[in-house]
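In what follows, a structure is listed as structure tokens, so that the remarks can point back to it.
Here is the naming used below: chain letters follow the sequence lines, and residue numbers restart at 1 for every chain. Since this is a predicted model, take the numbers as computed values, not measurements.
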Protein chains: 2
Amino acid sequence: MSKTPTRIQQRNRAAILSAGLDVFSQYGFRGSTLDQIAEAAGLSKPNLLYYFPSKEAIHTALLERLLETWLDPLKSLDGDGDPVEEIMNYARRKLTMSREYPRESRLFANEILQGAPRIAEILRTDLKALVDEKAQIIRDWADAGKIATVDPHHLIFSIWALTQHYADFDVQVRAVRGTDDPFAGAGAFLDHVMRSVLTPVSGNTS
Amino acid sequence: MSKTPTRIQQRNRAAILSAGLDVFSQYGFRGSTLDQIAEAAGLSKPNLLYYFPSKEAIHTALLERLLETWLDPLKSLDGDGDPVEEIMNYARRKLTMSREYPRESRLFANEILQGAPRIAEILRTDLKALVDEKAQIIRDWADAGKIATVDPHHLIFSIWALTQHYADFDVQVRAVRGTDDPFAGAGAFLDHVMRSVLTPVSGNTS
DNA sequence: ACTTTATTTGACCAAGCGGTCAAAGCAACG
DNA sequence: CGTTGCTTTGACCGCTTGGTCAAATAAAGT
């Protein structure tokens with residue numbers, strides 16, 4: 001039944017997904033139209049619907065493809081590695097992903113902003129489980145005095161916020177800095193933040 | 001000509017703006033419909049258009065009202081105050097704003113995500129000028145050794161990212177934490193981050 | 001060449017969109 | 001009470017939307 005897709009199918013499906021990513025990541029699901037996507041993909045609207053049964057199907061395909069790779073960096077966080085290096089490496093990988101896949105970042109941001117109607121379940125199950133697992137590792141490190149005492153969940157949130165901000169708020173960052181590359185200097189700053197936050201204080205803070 | 005608005009006008013305009021905030025902040029401009037806003041405001045669509053000439057006008061009114069208060073905390077950052085306290089106070093105020101006005105935060109996020117078509121000019125002029133001014137203050141503090149050496153722009157971005165994240169990604173934060181209040185613990189964590197990042201290192205970090 | 005299958009499209013549809021308008025309802029005030 | 005101006009609405013309009021379909025076209029296999 002499901003044979004290997006022809007070259008034309010591969011090319012057109014890829015073109016549609018890329019075009020859908022462009023459009024959905026900018027306007028959100030409801031704000032995007034099939035005509036926009038079709039034009040961006042260089043296809044007619046009926047032809048587009050020959051490859052995907054509906055607007056929803058394109059969006060779903062994109063979200064699924066996204067979630068596959070999106071959680072990878074966190075999955076790699078290793079409880080047996082060096083605490084500070086593991087966390088900083090996670091932050092760096094997350095920043096790299098934001099730089100290399102800004103459209104995916106904005107697609108995700110749009111979906112969450114709109115109440116995550118299509119992935120709420122995944123967030124509550126898969127994502128929560130993953131984060132809880134890694135949060136426990138971080139908590140153990142903190143308890144062992146290997147890093148500063150920080151709330152693991154908030155630490156993870158802060159990494160998400162600090163890295164995705166450059167992709168999601170790209171326009172603002174560029175407008176304020178006047179730079180072409182919104183990520184310029186972000187890596188060094190993120191390193192400084194993470195190292196400061198994670199370094200245990202010698203004395204006692206109040 | 002422009003007399004004092006009647007009580008009905010005040011009530012209905014307020015209801016429309018609140019409804020518009022609800023809808024626009026969730027679906028973005030293009031994804032929102034007049035019918036949605038009208039229903040949320042408890043008015044008929046023609047009646048809504050009796051108070052605002054167009055969908056665009058509602059959106060613009062909301063953005064203007066937003067920008068008025070949005071930049072206030074940064075404006076208050078005082079170059080003559082205590083460096084660490086000034087910056088931490090700014091971060092705290094920003095977090096409070098995100099907690100008290102999450103819809104406004106999401107409205108802004110939506111606008112930026114969609115390329116800021118309606119406020120790009122303001123970002124490039126007013127916001128840039130304000131940020132540049134405050135960045136210089138921070139740079140002076142750093143040069144004087146009163147705070148750690150940090151890129152002022154990235155420091156400001158980090159405060160925006162860390163505070164707005166809880167409002168904009170509310171659904172995700174709640175899903176992962178399982179808590180009702182997405183801001184629980186955020187204040188303490190933000191304090192820790194800011195204090196760590198701003199405290200000058202005694203040794204030299206190559 | 002011919003048949004089979006995959007691909008593409010123009011024409012079309014019902015529903016939803018932002019917005020208009022004339023008329024009806026309503027409040028205030030003399 | 002009557003009239004004047006504010007408020008509300010049902011009906012409507014032209015356009016866009018997501019999606020369908022039958023027919024045309026292009027590949028591929030024989």
Side-chain angles (χ1 to χ4, degrees), chain A residues 1-63 107 110-111 114-115 117-118, chain B residues 1-63 107 110-111 114-115 117-118:
Chain A
M1 288 300 163
S2 60
K3 289 291 185 64
T4 46
T6 69
R7 248 162 285 124
I8 294 179
Q9 274 173 356
Q10 285 183 303
R11 172 171 49 85
N12 282 347
R13 286 185 64 96
I16 291 168
L17 286 176
S18 176
L21 188 53
D22 274 341
V23 177
F24 282 136
S25 67
Q26 193 171 6
Y27 299 108
F29 181 75
R30 295 194 37 174
S32 304
T33 74
L34 284 178
D35 292 277
Q36 278 180 292
I37 299 171
E39 201 198 328
L43 298 173
S44 67
K45 187 167 61 172
N47 198 13
L48 184 146
L49 287 163
Y50 171 73
Y51 292 99
F52 286 88
S54 68
K55 179 184 173 185
E56 181 93 37
I58 304 172
H59 194 251
T60 302
L62 283 169
L63 279 181
L107 178 74
N110 255 308
E111 178 68 11
Q114 310 196 354
R118 292 157 241 280
Chain B
M1 288 301 160
S2 60
K3 288 293 186 60
T4 45
T6 69
R7 248 160 286 126
I8 293 178
Q9 274 172 355
Q10 283 182 303
R11 172 170 49 85
N12 283 348
R13 285 184 65 96
I16 292 168
L17 287 176
S18 176
L21 189 53
D22 275 340
V23 177
F24 283 135
S25 68
Q26 193 172 4
Y27 299 109
F29 181 75
R30 294 193 38 174
S32 304
T33 74
L34 284 178
D35 292 276
Q36 278 180 291
I37 299 171
E39 200 199 327
L43 299 173
S44 67
K45 187 167 61 172
N47 198 12
L48 185 147
L49 287 163
Y50 171 71
Y51 291 100
F52 286 88
S54 68
K55 180 184 173 182
E56 182 93 36
I58 303 173
H59 194 251
T60 301
L62 282 169
L63 278 181
L107 178 74
N110 254 308
E111 179 69 11
Q114 310 197 353
R118 291 156 240 280

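Residues in residues 36-56 of chain A take part in no ring-ring contact (aromatic ring centres under 6.0 Å, His included) pair, two or more places apart or across chains. Residue pairs that meet the salt bridge (Lys or Arg N to Asp or Glu O under 4.0 Å) test with at least one member in residues 6-24 of chain B, sequence neighbours left out, are B:Asp22-B:Arg103.
Nearest-nucleotide mapping onto DNA chain C: of B:Ile8 and B:Ser32, the residue sitting toward the 5' end is B:Ser32.
Taking 4.5 Å as the limit, some side-chain heavy atom of A:Pro117 sits within range of a side-chain heavy atom of A:Glu111. The shortest side-chain heavy-atom distance between B:Lys45 and B:Glu39 does not fall under the 4.5 Å cut-off.
Taking side-chain N and O atoms only, A:Tyr50 has a distance below 4.0 Å to OP1 or OP2 of C:dT7.
At whole-Å resolution of the value, NZ in B:Lys55 and P in C:dC17 are 9 Å apart. Look at CZ on B:Arg7: it is 11 Å from C1' on C:dA28, rounded to the nearest Å.
Against DNA chain C, the stretch residues 33-47 of chain B makes heavy-atom approaches under 4.0 Å through B:Thr33, B:Leu34, B:Asp35, B:Lys45, B:Pro46. If you check residues 10-27 of chain B against DNA chain C, you find no residue with a heavy atom closer than 4.0 Å.
For A:Tyr27, the side-chain hydrogen bond (donor to acceptor under 3.5 Å, both in side chains) criterion is met by no residue, not counting sequence neighbours. Checked against side-chain hydrogen bond (donor to acceptor under 3.5 Å, both in side chains), B:Glu56 has the following partners two or more places apart in sequence or in another chain: B:Arg118. Every residue two or more places apart in sequence or in another chain was checked for a salt bridge (Lys or Arg N to Asp or Glu O under 4.0 Å) with B:Lys55, and none qualifies. In terms of the side-chain hydrogen bond (donor to acceptor under 3.5 Å, both in side chains) criterion, residue partners of B:Arg30 (sequence neighbours excluded) are, by chain and number, A:Gln36.
Not a single donor-acceptor pair under 3.5 Å links the side chain of A:Ser18 to the backbone N or O of A:Ala14.
Along DNA chain D, read 5' to 3', the first and last nucleotides having any atom under 4.0 Å from a heavy atom of chain A are D:dT17 to D:dC21.
Within 4.0 Å of B:Phe52, counting heavy atoms only, lies no atom of the nucleic acid at all. Looking at heavy-atom distances under 4.0 Å, A:Leu49 makes contact with a base.
Residues A:Leu62 and A:Leu17 come closest through the heavy atom pair CD2-O, 3.4 Å. The shortest non-hydrogen separation linking B:Ile37 to B:Ala19 is O-CB, 3.5 Å.
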